[in-house]
Protein chains: 2
Amino acid sequence: MTKAPPRRAKIQDVAEAAGVAIKTVSRVLNNEPNVREETRQRVLAIVKKLNYHPSLSARSLAGRRSFLIGLIYENPSANYIVDVQHGAMARCREDRFQLLMHQVTGKGEEMERDVLGLVDQTHLDGLIVTAPLSESVDLMRALDRRALPFVRVAPNDAPHPTPYVDMDDAGAAREMTEYLIGLGHRRIGFIVGHPDHFASGQRLVGYQAALAAHGIEFQERYVRQGYFIFESGMEAARELLTQADPPTAIFASNDDMAAGVLMAAHELGFSVPERLSVAGFDDTYIAKTVWPRLTTVHQPTYDLAYTATNLLLQMLQTGAAPQSMRLGYRLVCRASTAVVHK
Amino acid sequence: MTKAPPRRAKIQDVAEAAGVAIKTVSRVLNNEPNVREETRQRVLAIVKKLNYHPSLSARSLAGRRSFLIGLIYENPSANYIVDVQHGAMARCREDRFQLLMHQVTGKGEEMERDVLGLVDQTHLDGLIVTAPLSESVDLMRALDRRALPFVRVAPNDAPHPTPYVDMDDAGAAREMTEYLIGLGHRRIGFIVGHPDHFASGQRLVGYQAALAAHGIEFQERYVRQGYFIFESGMEAARELLTQADPPTAIFASNDDMAAGVLMAAHELGFSVPERLSVAGFDDTYIAKTVWPRLTTVHQPTYDLAYTATNLLLQMLQTGAAPQSMRLGYRLVCRASTAVVHK
DNA sequence: AGACAAATTGACAACGTTGTCACGGCTATG
DNA sequence: CATAGCCGTGACAACGTTGTCAATTTGTCT
């Protein structure tokens with residue numbers, strides 16, 4: 001019954017079985033040139049037969065790289081970060097890299113220590129930095145000092161030679177605002193995202209640009225500061241809706257806050273979308289599960305992460321920094337917005 | 001300006017600076033006994049001064065363990081899995097283990113190949129298996145064959161010597177059902193969870209037990225099969241609500257499905273909780289963001305994962321399988337349930 | 001003081017790969 | 001027909017730790 005667990009095959013076993021030197025096996029496994037096709041096939045057959053898998057540790061030690069990539073994030077909504085994780089994971093699998101997720105604790109120096117601790121302990125080959133961590137100049141400098149390749153899934157606020165992947169936040173926000181204007185709305189509330197995020201400012205810029213383009217006066221009283229979380233959206237909406245001449249539409253800088261707006265609207269008796277239109281941003285899972293379903297900007301979260309990981313792997317292989325990329329968005333019109341009420 | 005990136009300190013550098021052998025440094029770093037306190041302090045000082053961090057690869061290679069733990073999951077809701085991840089991550093950090101998340105693709109044999117591929121390639125020290133993967137007897141056997149320690153975050157349906165961490169699904173479901181009965185409901189709909197999950201059956205058992213205890217006849221027509229996702233809850237609720245004598249309350253086996261029930265109720269004009277009470281299960285983020293907020297069972301997701309990881313690390317250190325554990329739940333009564341309408 | 005046990009330390013060989021370099025055989029070139 | 005160069009291959013030394021075991025120091029008991 002109890003069979004001793006079979007010893008793991010090592011490169012030597014494969015080499016002996018194939019009648020070649022271990023170095024040749026190594027060459028085959030790493031797709032190095034200068035191996036005769038016949039030899040390559042013979043080795044591959046044995047590898048399969050023995051179910052041989054090279055030891056990550058040995059490879060790392062000898063090859064001076066860990067095949068480990070880090071993904072650091074601060075405190076995003078679960079739906080968002082899971083998409084990011086899966087995008088990065090998918091790309092890593094293609095090249096047999098492993099992904100180490102790391103939720104960063106603290107701010108400022110404490111945050112830096114946390115990240116550098118991870119980097120030092122695990123000897124990562126590269127790092128994927130999500131917003132708003134990507135906005136810390138100090139962190140980027142520290143990573144440079146360690147000569148650690150990294151890419152950012154975030155808009156490039158502070159110019160840095162490192163590549164990044166982003167989307168046109170300002171353009172998307174402008175388009176959404178224009179959509180609301182097109183529905184006849186003139187008093188449009190806006191809830192700003194977390195001040196630590198560069199994207200927050202960009203989305204505000206887009207909102208303002210749309211108003212200006214349509215000759216609508218920008219009014220401070222229709223703008224509130226939020227923090228990308230549900231409660232902050234609810235709170236902001238309460239303030240916006242309880243003033244005289246309340247907005248007929250509210251555009252929140254992400255879906256979580258937009259869901260908060262819905263909650264406040266329900267509490268205050270504003271029916272959506274009859275008396276109040278609500279728009280979100282991101283198109284995360286929550287947008288489809290609240291009632292009414294949210295009109296929002298679809299952000300290609302999965303693809304952003306996949307692409308960022310792709311750039312990072314390119315960097316590791318070529319040693320050179322590839323071009324940054326900007327991915328597209330698209331408006332998703334659902335049930336939370338409608339033509340303005342009389 | 002451009003300073004050559006300083007070579008990483010290695011154990012030899014520490015040893016020389018401290019005037020001891022590398023083995024002594026190794027002993028200090030691994031908290032091994034038989035090092036004089038004075039020596040220990042001297043070494044630690046140098047370690048700090050040089051910002052020395054042992055190489056994971058070298059440690060793994062020499063020590064024959066990877067300090068890597070896998071966490072595999074299938075396709076759970078984002079809110080749930082993020083809690084699991086963070087619970088496991090927190091415990092890993094305490095012992096300087098790293099966590100490798102892995103979303104499993106496929107079912108049956110394909111799923112097994114996927115998991116074993118991960119295990120073989122990374123040479124994991126241990127694995128955390130979440131439901132419903134934990135229900136595959138074949139997978140568990142395969143892990144045994146590889147002599148890989150693992151724990152399950154799931155109820156123990158198929159007895160296996162490996163420890164698990166779970167909660168009392170049947171008891172919780174029974175309590176929630178009794179709460180609804182206490183509100184005067186007699187026609188209580190129930191949406192079963194995904195059939196692959198053992199917990200689904202347990203929750204149904206709890207529902208049935210509550211009905212029986214209060215002399216309420218169990219009726220098939222008030223029960224529908226769901227799949228733990230939003231759409232399936234919505235679909236099931238549509239069916240339940242459009243029959244003659246529809247239920248006055250619906251208990252969904254998780255929050256995502258309960259949110260779907262709310263959506264269906266809105267569509268069909270059933271106001272919640274006035275005409276229909278709705279209860280969920282899990283107490284994930286979604287329960288607090290839908291309107292009305294969901295009455296649900298709080299499941300200690302984070303703690304389940306933390307505890308499971310703790311058991312796994314104990315296993316790795318002692319070599320023996322520790323006791324399985326059962327954690328507590330609690331009813332969270334919010335706005336989606338009310339006394340039955342006339 | 002001497003003898004023995006325990007605590008502390010070090011030398012050296014693993015661990016399983018990849019990098020470097022050398023070697024023989026073959027092909028193309030003059 | 002010699003010669004240079006490339007291709008395919010292998011021998012062997014890293015890589016930076018931990019495990020083993022022997023050597024040395026320290027402590028304890030007569």
Side-chain angles (χ1 to χ4, degrees), chain A residues 6-44 46-47 50-68 96 98 120-125 316-317, chain B residues 6-44 46-47 50-68 96 98 120-125 316-317:
Chain A
R7 188 180 54 89
R8 232 169 199 137
K10 45 193 195 184
I11 200 171
Q12 181 128 242
D13 302 328
V14 177
E16 281 169 13
V20 296
I22 57 171
K23 182 64 218 192
T24 298
V25 178
S26 171
R27 272 191 268 260
V28 169
L29 293 170
N30 292 287
N31 284 313
E32 287 174 31
N34 300 336
V35 178
R36 221 186 324 169
E37 187 54 28
E38 183 211 10
T39 315
R40 181 181 302 276
Q41 293 308 330
R42 185 155 36 101
V43 169
L44 285 176
I46 304 279
V47 163
L50 297 183
N51 190 30
Y52 166 73
H53 293 271
S55 150
L56 230 179
S57 337
R59 249 148 76 89
S60 304
L61 185 56
R64 266 156 262 230
R65 56 225 185 99
S66 61
F67 300 95
L68 249 37
R96 298 184 175 268
Q98 296 295 331
D120 286 340
Q121 275 170 43
T122 55
H123 301 242
L124 296 173
D125 283 347
L316 296 183
Q317 277 151 24
Chain B
R7 191 178 54 86
R8 234 173 199 137
K10 44 193 197 182
I11 200 170
Q12 182 130 240
D13 303 327
V14 177
E16 282 169 13
V20 296
I22 58 171
K23 180 66 217 191
T24 299
V25 177
S26 170
R27 272 191 269 258
V28 170
L29 292 170
N30 293 289
N31 284 313
E32 288 175 30
N34 298 336
V35 178
R36 223 185 322 172
E37 187 53 28
E38 185 210 9
T39 313
R40 180 182 302 276
Q41 293 307 330
R42 186 152 38 100
V43 170
L44 285 177
I46 304 279
V47 163
L50 298 184
N51 189 31
Y52 167 74
H53 293 272
S55 150
L56 229 180
S57 336
R59 251 149 74 89
S60 303
L61 186 55
R64 264 156 264 231
R65 56 225 185 103
S66 61
F67 299 96
L68 248 36
R96 298 185 174 268
Q98 296 295 331
D120 286 339
Q121 275 170 42
T122 56
H123 301 240
L124 296 173
D125 283 348
L316 297 183
Q317 277 151 24

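In what follows, every chain begins at residue 1, and chains take the letters A, B, ... in the order their sequences are listed.
- Of all non-hydrogen atoms in B:Arg40 and B:Val28, the two that sit nearest each other are NH1-O, 3.8 Å.
- Distance alone, capped at 3.5 Å, places no donor-acceptor pair between the A:Ser66 side chain and the A:Ser60 backbone.
- Among all heavy-atom pairs drawn from A:Ala58 and B:Leu61, the shortest one is CB-CD1, 3.9 Å.
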### Message
A:Tyr52 vs A:Ile46, test: side-chain contact (heavy atoms from CB on, under 4.5 Å). Steps then yes/no.
### Response
CA-CA 8 Å; A:Tyr52 166 73; A:Ile46 304 279; over 6 Å; no

### Task
Given side-chain contact (heavy atoms from CB on, under 4.5 Å), test B:Phe67 with B:Arg59 step by step and report yes or no.
CA-CA 9 Å; B:Phe67 299 96; B:Arg59 251 149 74 89; 3.6 Å; yes

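- With A:Asp13 contributing its side chain and A:Lys10 its backbone, the two residues share a donor-acceptor pair below 3.5 Å.
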### Worked check of side-chain contact (heavy atoms from CB on, under 4.5 Å) between A:Asp120 and B:Arg8
CA-CA 9 Å; A:Asp120 286 340; B:Arg8 234 173 199 137; 3.8 Å; yes

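- Panel note: side chain B:Asp125, backbone B:Arg65; no donor-acceptor pair is recorded below 3.5 Å.
- Five base pairs at each end of the helix from C:dA1-D:dT30 to C:dG30-D:dC1 define two local axes, and these are offset by 30° (rounded to 10°).
- Considering every non-hydrogen atom in both B:Gln41 and B:Glu37, the closest pair reads NE2-OE2, 2.6 Å.
- Heavy atoms from other residues, nucleotides or ligands lying under 6.0 Å from CD of B:Gln12 number 12 at most.
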Hey, what are the protein-to-nucleotides 22-28 of chain C N/O distances that come in under 3.5 Å?
none

Any N/O pairs under 3.5 Å between the protein and nucleotides 7-17 of chain D? List them or say none.
from   : atom 1 : to      : atom 2 : distance (Å)
D:dG8  : OP2    : A:Asn34 : OD1    : 3.4
D:dT9  : OP1    : A:Arg36 : NH2    : 3.0
D:dT9  : OP1    : A:Thr39 : OG1    : 2.8
D:dT9  : OP2    : A:Arg36 : N      : 2.9
D:dT9  : OP2    : A:Thr39 : OG1    : 3.4
D:dG10 : OP2    : A:Ala21 : N      : 2.8
D:dG10 : OP2    : A:Thr24 : OG1    : 2.7
D:dG10 : N7     : A:Arg27 : NH2    : 2.8
D:dC15 : O2     : A:Ala62 : N      : 3.3
D:dG16 : OP2    : B:Lys10 : NZ     : 2.8
D:dT17 : OP1    : B:Tyr52 : OH     : 2.8
D:dT17 : OP1    : B:Ser55 : N      : 3.4
D:dT17 : OP2    : B:Ile11 : N      : 2.8
D:dT17 : O5'    : B:Tyr52 : OH     : 3.0

